[in-house]
Asker: 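Quick one: this structure, given as structure tokens, is what I'll be asking you about.
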Amino acid sequence: MAQQNILTVTGLGVTFDDRSVLRDISFTIEHGRSVAIVGPNGSGKTVLLRALLGLVPYTGSVSWNAGVRVGYVPQFVAVDRELPLTVAEFFGLKGVARDRTLELLERLGLGAEHREPGHARRHIIDHVMNQRIGTLSGGQLQRVLIAWTLADDPDVLLFDEPTSGIDIGGQDSVYSLLAELRRERGMTLILVSHDLDIVYAHADHVLCVSERLVCHGPPRQALDAEVLQKLYGGHVAFPQHENVHEH
């Protein structure tokens, strides 16, 4: 039985200062898909994500399924180191219960280096929850922002380079949790990534963008050598993904 489309985009275009950034882009995304948006630097990937959220003016149409809850984690957020707001207070702004906050932060790998029972949570309480937002490391802040977004139980999660600043072990924690949420709740994931290994491992559909939609489809079919050459030029390494599981 065919999946229901959760998003339909038709003839999308974005222009800044008379310069066309995106032109005539059309696609649909089915409920429960994991979709990666790929393309070279400056190709309009982040602009596309922001257009889907209505954060930039565009022509054409972006139609989300009625009642869909959409969450967004940006690539980078600059926070004043002197901001007098702790992580616990940050989650309290939207009424997230303390236990729910701890559960999300723990599942995202904060405190994972403390393997003894209860020690990870204790570390999160002492060294994350009570810490000011502005003093977190880049990797800690990114995981806090992901947890903040997941606390709303979104149906769709939009990620712009979601694990930038996070070490490899932390990236595994993030993607493992997202895979679990997709299985449990049928959550749809739309992510921007420059890392083709991540795309092959974690996306079941890809949108290739370079002002226009260059290709779309399952990664192993859409991202052939000819498309990669067209997108990235002559010195792109074709990803080695033989051992990556299928979705």
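Residues take their numbers from the sequence shown, with the count starting at 1. Values below: every heavy atom of this structure, side chains too, minus hydrogens, waters and symmetry copies. Because the structure is a prediction, the values reported are computed rather than measured.
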Asker: Measure across Ala222 and Val206 and return the closest heavy-atom pair with its distance rounded to 0.1 Å.
Answerer: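 Scanning both residues completely, I find the closest heavy atoms to be CB-CG1, 3.6 Å.
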Asker: Without swapping roles, check the side chain of Thr86 against the backbone of Glu89 for a donor-acceptor pair under 3.5 Å.
Answerer: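 Checking the backbone N and O of Glu89 against the side chain of Thr86, a donor-acceptor pair under 3.5 Å is found.
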Asker: Checking Ser20 against Glu211: is there a side-chain donor and acceptor pair closer than 3.5 Å?
Answerer: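 Note: Glu211 and Ser20 side chains meet the donor-acceptor criterion.
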Asker: Which label fits Trp148 and Phe91: parallel for a plane angle under 30°, tilted from 30 to 60°, or perpendicular past 60°?
Answerer: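 The rings of Trp148 and Phe91 stand perpendicular, inter-plane angle above 60°.
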Asker: So, for Met187 and Leu150, which heavy atoms are closest and what is the spacing to 0.1 Å?
Answerer: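 Nearest heavy atoms, Met187 then Leu150: SD-CD2, 4.4 Å.
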Asker: Is the Tyr175-His202 ring centre distance short of 6.0 angstrom?
Answerer: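 That pair passes the under 6.0 Å test.
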Asker: Would the distance check show the side chain of Asp17 and the main-chain N or O of Arg19 forming a donor-acceptor pair, the cut-off being under 3.5 Å?
Answerer: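 No.
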Asker: Leu207 vs Leu213, test: side chain to side chain contact (heavy atoms under 4.5 Å, CB included). Steps then yes/no.
Answerer: CA-CA 7 Å; Leu207 301 172; Leu213 190 60; 4.0 Å; yes
Asker: Would you call Asp153-Arg100 a salt bridge at under 4.0 Å N-O?
Answerer: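 Judged by the 4.0 Å cut-off on N to carboxylate O distance, Asp153 and Arg100 do form a salt bridge.
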Asker: Does some side-chain heavy atom of Leu7 sit less than 4.5 Å from a side-chain heavy atom of Asn65?
Answerer: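 Counting from C-beta outward, Asn65 and Leu7 never come under 4.5 Å.
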Asker: Which residue is it: Val9, Asn5, Val35? I am looking for the one with a side chain to side chain contact (heavy atoms under 4.5 Å, CB included) to Ile29.
Answerer: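 Of the listed options, the one satisfying the test is Val35.
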Asker: Considering non-hydrogen atoms only, spot the tightest contact between Asp155 and Gly67 and give its length.
Answerer: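 Smallest interatomic distance, heavy atoms only, reads OD2-O, 4.0 Å.
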Asker: When you check the gap from the basic side-chain N to the acidic O, do Asp152 and Lys94 get nearer than 4.0 Å?
Answerer: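 Judged by the 4.0 Å cut-off on N to carboxylate O distance, Asp152 and Lys94 do form a salt bridge.
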Asker: With rounding to the nearest 0.5 angstrom, report the CD1 to CZ distance, Ile25 to Arg23.
Answerer: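 Here the rounded value is 10.5 Å.
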Asker: Which residue in the set Ile124, Ile146, Val144 passes side chain to side chain contact (heavy atoms under 4.5 Å, CB included) when paired with Leu108?
Answerer: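 With Leu108 as partner, Ile124, Ile146, Val144 yield a single side chain to side chain contact (heavy atoms under 4.5 Å, CB included), made by Ile146.
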Asker: Evaluate the criterion side chain to side chain contact (heavy atoms under 4.5 Å, CB included) for residue pair Ile198 and Tyr200; output intermediate values, then yes/no.
Answerer: CA-CA 5 Å; Ile198 287 177; Tyr200 276 102; over 6 Å; no
Asker: Checking Lys45 side chain against Ile37 main chain: does a donor-acceptor pair fall under 3.5 Å?
Answerer: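 Not a single qualifying donor-acceptor pair exists.
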Asker: Report yes or no: does Thr135 contribute a side-chain atom to a donor-acceptor pair with the main-chain N or O of Gln131 at less than 3.5 Å?
Answerer: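 Side chain of Thr135 to backbone of Gln131, a donor-acceptor pair under 3.5 Å: no, none is there.
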Asker: Tell me, do Ile6 and Thr28 make a side-chain contact under 4.5 Å, heavy atoms counted?
Answerer: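 In short, these two side chains do not touch, never coming nearer than 4.5 Å.
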Asker: State, with a plain yes or no, whether a side-chain heavy atom of Tyr58 is found less than 4.5 Å away from one of Leu22.
Answerer: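 No - every pair of side-chain heavy atoms lies 4.5 Å or more apart.
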Asker: Sub-3.5 Å donor-acceptor pair from the side chain of Asp224 to the main-chain atoms of Val227, do we have one?
Answerer: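 It does hold such a pair.
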Asker: Does the pair Ile133 and Leu141 meet the rule for a side chain to side chain contact (heavy atoms under 4.5 Å, CB included), with working shown?
Answerer: CA-CA 7 Å; Ile133 287 282; Leu141 178 60; 4.1 Å; yes
Asker: State the CZ-CG distance between Arg143 and Leu136, to the nearest 0.5 angstrom.
Answerer: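 With rounding to 0.5 Å, CZ (Arg143) is 10.5 Å from CG (Leu136).
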Asker: Would you say the side-chain atoms of Ser26 pair up with the backbone N or O of Gly11, donor to acceptor, closer than 3.5 Å?
Answerer: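 Checked: pair present.
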Asker: Kindly indicate whether the side chain of Val56, heavy atoms from C-beta on, has any atom under 4.5 Å from the side chain of Phe16.
Answerer: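 A side-chain contact under 4.5 Å exists here.
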Asker: Indicate yes or no: at least one non-hydrogen side-chain atom of Leu157 is less than 4.5 angstrom from one of Thr188.
Answerer: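 Not touching, per the 4.5 Å side-chain cut-off.
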Asker: Between Arg121 and Glu103 (salt bridge meaning N to carboxylate O under 4.0 Å), is one present in this structure?
Answerer: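 Glu103 and Arg121: not salt-bridged.
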Asker: Any donor and acceptor pair, going by atom type alone, linking the side chain of Trp64 with main-chain N or O of Leu52 inside 3.5 Å?
Answerer: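 Here the side-chain-to-backbone pair exists.
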Asker: Could you tell me whether the side chain of Gln142 reaches within less than 4.5 Å of the side chain of Val73, counting heavy atoms only?
Answerer: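 SC-SC contact between Val73 and Gln142 confirmed.
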Asker: Give, for atom CZ of Arg122 and atom CE of Met129, the distance between the pair rounded to the nearest 0.5 Å.
Answerer: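 Atom-to-atom, Arg122:CZ and Met129:CE are 10.5 Å apart.
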Asker: Does Glu180 come within less than 4.0 Å of Arg183, counting only side-chain N to carboxylate O?
Answerer: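 Between Arg183 and Glu180 there is no salt bridge, as every charged N stays at least 4.0 Å from the carboxylate O atoms.
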Asker: Is the number of heavy atoms from other residues, nucleotides or ligands within 6.0 Å of CD (Glu184) greater than 12?
Answerer: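 Yes, CD of Glu184 has more than 12 neighbouring heavy atoms, counting only those of other groups under 6.0 Å.
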Asker: Among side-chain atoms of Asp160 and Thr46, is any donor-acceptor pair under 3.5 angstrom?
Answerer: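 Asp160 vs Thr46: donor-acceptor pair found between side chains.
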Asker: Measuring only between side-chain heavy atoms, which start at C-beta, is Phe159 closer than 4.5 Å to Leu178?
Answerer: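 Of all side-chain heavy-atom pairs linking Leu178 with Phe159, at least one is under 4.5 Å.
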Asker: Thinking salt bridges, do Asp204 and Arg182 make one under a 4.0 Å N-O criterion?
Answerer: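 Answer for the salt bridge query: yes.
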Asker: Please say whether more than 12 non-hydrogen atoms of neighbouring residues, nucleotides or ligands are located less than 6.0 Å from CG in Asp80.
Answerer: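 Yes, because the 6.0 Å sphere around CG of Asp80 holds more than 12 heavy atoms from other groups.
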Asker: Check Leu223 against Cys208 and note the closest heavy-atom contact, atom names and distance.
Answerer: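 For Leu223 and Cys208, the tightest heavy-atom pair comes out as CD2-SG, 3.6 Å.
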Asker: Only one of Leu191, Leu158, Leu55 clears side chain to side chain contact (heavy atoms under 4.5 Å, CB included) with Leu49; which?
Answerer: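 So, applying the side chain to side chain contact (heavy atoms under 4.5 Å, CB included) to Leu49 and each of Leu191, Leu158, Leu55, only Leu158 qualifies.
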Asker: Is it the case that the side chain of Arg185 and the backbone of Pro154 share a donor-acceptor pair, with hydrogens and angles ignored and the cut-off at 3.5 Å?
Answerer: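 The answer is yes, because a donor-acceptor pair under 3.5 Å joins these two groups.
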Asker: Please indicate whether His205 has more than 12 foreign heavy atoms, meaning atoms of other residues, nucleotides or ligands, lying under 6.0 Å from its NE2.
Answerer: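 It does: His205 NE2 has more than 12 such atoms within range.
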Asker: Is there a side chain to side chain contact (heavy atoms under 4.5 Å, CB included) between Asp24 and Arg212 once you walk through the steps?
Answerer: CA-CA 7 Å; Asp24 195 26; Arg212 297 179 182 273; 4.0 Å; yes
